[in-house]
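In this text, all values refer to a predicted model and were calculated from it rather than measured experimentally. What you see below is based on every heavy atom in this structure, not just the backbone, and it leaves out hydrogens, waters and symmetry mates.
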Amino acid sequence: MKNVIKRIAVAALYLWMLPQMVFAKDLVPVGQVVGLELRDSQVTVAGFDPELGEASREAGLQSGDVLQKIDNVAISSPEDVRTALRRSNGTVTVELKREGKSVKLRLSPQITRDGPKLGVLLRQGVTGIGTVTWYDPETGEFGALGHGVNDSKGDLLPMTAGNTYRASITAVQKGEVGQPGRLIGTVVSPQPSGTLLRNTAKGVFGKTSEGWEGEAVPIAEAEQVKPGEAAILCTVADGTPREYSVKILKIYPKSRENGRNLLLKVTDPALLEDTGGIVQGMSGSPILQDGKLVGAVTHVLVNDPTAGYGIFIENMLPAAS
């Protein structure tokens, strides 16, 4: 995700919650990378099978089309598509949305031994990796990212369901001026490790029965955060979260709603050597100062990968309830 604000290029790094959620006074700062799967009710054409998809492409179907109905049957999942095709008699009428406009196409599914197929790759929701900020061992609740997950149009994804998965880092693409780096990860187990319940502009939130080890620390109020030495907790190598030194350069008003409450700079030589600074996938990394959890990393400056923004933990927590 990229935006330009006053010529400063900024790249975003990358649950309905139970009502009346109560947070413990102290929370465990995590810094562990996880796989994220957020699903919505839209089924989008992501691409075409090179052999089976040519007929659908020639009939007018395009990547990015959002399927809405097949033969008047509402589509809200890939399984709905398969069911509608199995009921077809050789051709189907597909109603879809394309760039905000309604389009209707007549398609001829390809007959295979596994049943009729349109020969398209379907996408529902968003998948990726991110970092867990905090965990409450008393309730199993957790928060991650420090910013929301957006759809392909840049709007906050209206999540209907989601999961987290145990993940590991397989490679690191170092950040350079003009080109944000990123953590490249993979899911290590098909079994969900947690349930996502809320996707908000200030983070994604959920609940887990597995949890993370660590010592709970107090939560800092925004007024307690100050410029100077601090640390972030993140995972960039062997799966173990590590603490790296940073410096908080500037504090912005708590009223800021864009997840940029503080400006920080990586000073740790080891992290600079491994990643070049802040990279995509590190969003959600907890920020610690004076033994307290003060916030989470949210963005990297494209023109300076050693620097980025963070959100106050005091702003992040209310979004979970």
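Only one option out of Leu288, Ile287, Asn261 pairs with Val294 in a side-chain contact (heavy atoms from CB on, under 4.5 Å); it is Ile287. No option in Val297, Ile251, Ile311 other than Ile251 meets the side-chain contact (heavy atoms from CB on, under 4.5 Å) test with Leu262. When each of Arg98, Arg57, Lys97 is paired with Asp65, the salt bridge (Lys or Arg N to Asp or Glu O under 4.0 Å) condition holds for Arg98 and for no other.
Annotation for Gly146 and Met316: closest pair N-CE, 3.8 Å, computed over non-hydrogen atoms. Residues Pro180 and Gln280 share a closest heavy-atom pair of CB-NE2, 3.9 Å. Scanning all heavy atoms of the two residues, the minimum distance from Gln124 to Ser41 falls at NE2-CA, 4.1 Å. Nearest heavy-atom pair, Glu213 versus Val28, reported as atom, atom and distance to 0.1 Å: O-CG1, 4.1 Å. Taking each heavy atom of Glu243 and Ala231 in turn, the nearest pair found is CG-CB, 3.5 Å.
Contact check for Thr131 versus Leu145: no side-chain heavy atoms found under the 4.5 Å cut-off. Looking at Thr235 and Thr240, their side chains never come closer than 4.5 Å, going by heavy atoms from C-beta outward. Contact annotation: the side chain of Ser285 never approaches that of Thr133 to less than 4.5 Å [non-hydrogen atoms, C-beta and beyond]. Inter-residue side-chain proximity for Leu183 and Met282 is flagged as met; some heavy-atom pair is nearer than 4.5 Å. Residues Ile232 and Pro286 are not in side-chain contact: their nearest non-hydrogen atoms beyond the backbone lie 4.5 Å or more apart. A heavy-atom distance below 4.5 Å is found between the side chains of Ile70 and Val81.
Annotation: Lys174, atom NZ; neighbour count of heavy atoms from other residues, nucleotides and ligands within 6.0 Å is above 12. Enclosure of atom CD in Glu215 is not indicated, since only 12 or fewer non-hydrogen atoms of other residues, nucleotides or ligands lie within 6.0 angstrom. Annotation for Arg256: atom CZ counts as buried by contact number, over 12 foreign heavy atoms lying within 6.0 Å.
Side-chain contact annotation: Lys104 with Thr93, donor-acceptor N/O pair under 3.5 Å absent. In the model, Asp114 has no side-chain atom that pairs as donor or acceptor with a side-chain atom of Thr112 under 3.5 Å. Counted by atom type alone, Thr267 and Lys247 present zero donor-acceptor pairs between their side chains at under 3.5 Å. There is no side-chain donor-acceptor pair under 3.5 Å between Thr186 and Thr170. No side-chain donor-acceptor contact under 3.5 Å links Ser193 and Thr208.
Taking the six-membered ring where the residue is Trp, His299 and His147 present tilted rings, their angle falling between 30° and 60°.
Taken together through direct or relayed side-chain contacts under 4.5 Å among Ile, Leu, Val, Met, Phe, Trp and Tyr, Phe48 and Ile75 form part of one hydrophobic cluster. Leu233 and Leu272 fall into different hydrophobic clusters, where Ile, Leu, Val, Met, Phe, Trp and Tyr are joined by side-chain heavy atoms under 4.5 Å apart, directly or via other members. Residues Tyr165 and Leu38 do not share a hydrophobic cluster, defined by chaining ILVMFWY side chains whose heavy atoms lie under 4.5 Å apart. No path of Ile, Leu, Val, Met, Phe, Trp and Tyr side chains, each step under 4.5 Å between heavy atoms, connects Val187 with Val132, placing them in separate hydrophobic clusters. In the hydrophobic clustering of this structure, Leu157 does not group with Val66; members are Ile, Leu, Val, Met, Phe, Trp, Tyr whose side-chain heavy atoms approach within less than 4.5 Å, directly or through other members.
Using a distance-only test at 3.5 Å, with no hydrogens or angles considered, no donor-acceptor pair links the side chain of Gln42 to the main chain of Gly125. Distance alone, capped at 3.5 Å, places no donor-acceptor pair between the Asp274 side chain and the Leu271 backbone.
Ion pair Lys117/Asp49 not flagged as a salt bridge, since none of the NZ, NE, NH1 or NH2 atoms sits closer than 4.0 Å to an Asp/Glu carboxylate oxygen. For Arg166 and Glu210, the salt-bridge test passes: some basic side-chain N is under 4.0 Å from an acidic carboxylate O.
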Item to check | salt bridge (charged side-chain N to carboxylate O under 4.0 Å, His left out) assessment of Glu79 paired with Arg86 | outcome: CA-CA 11 Å; Glu79 182 56 38; Arg86 286 195 295 267; 3.2 Å; yes
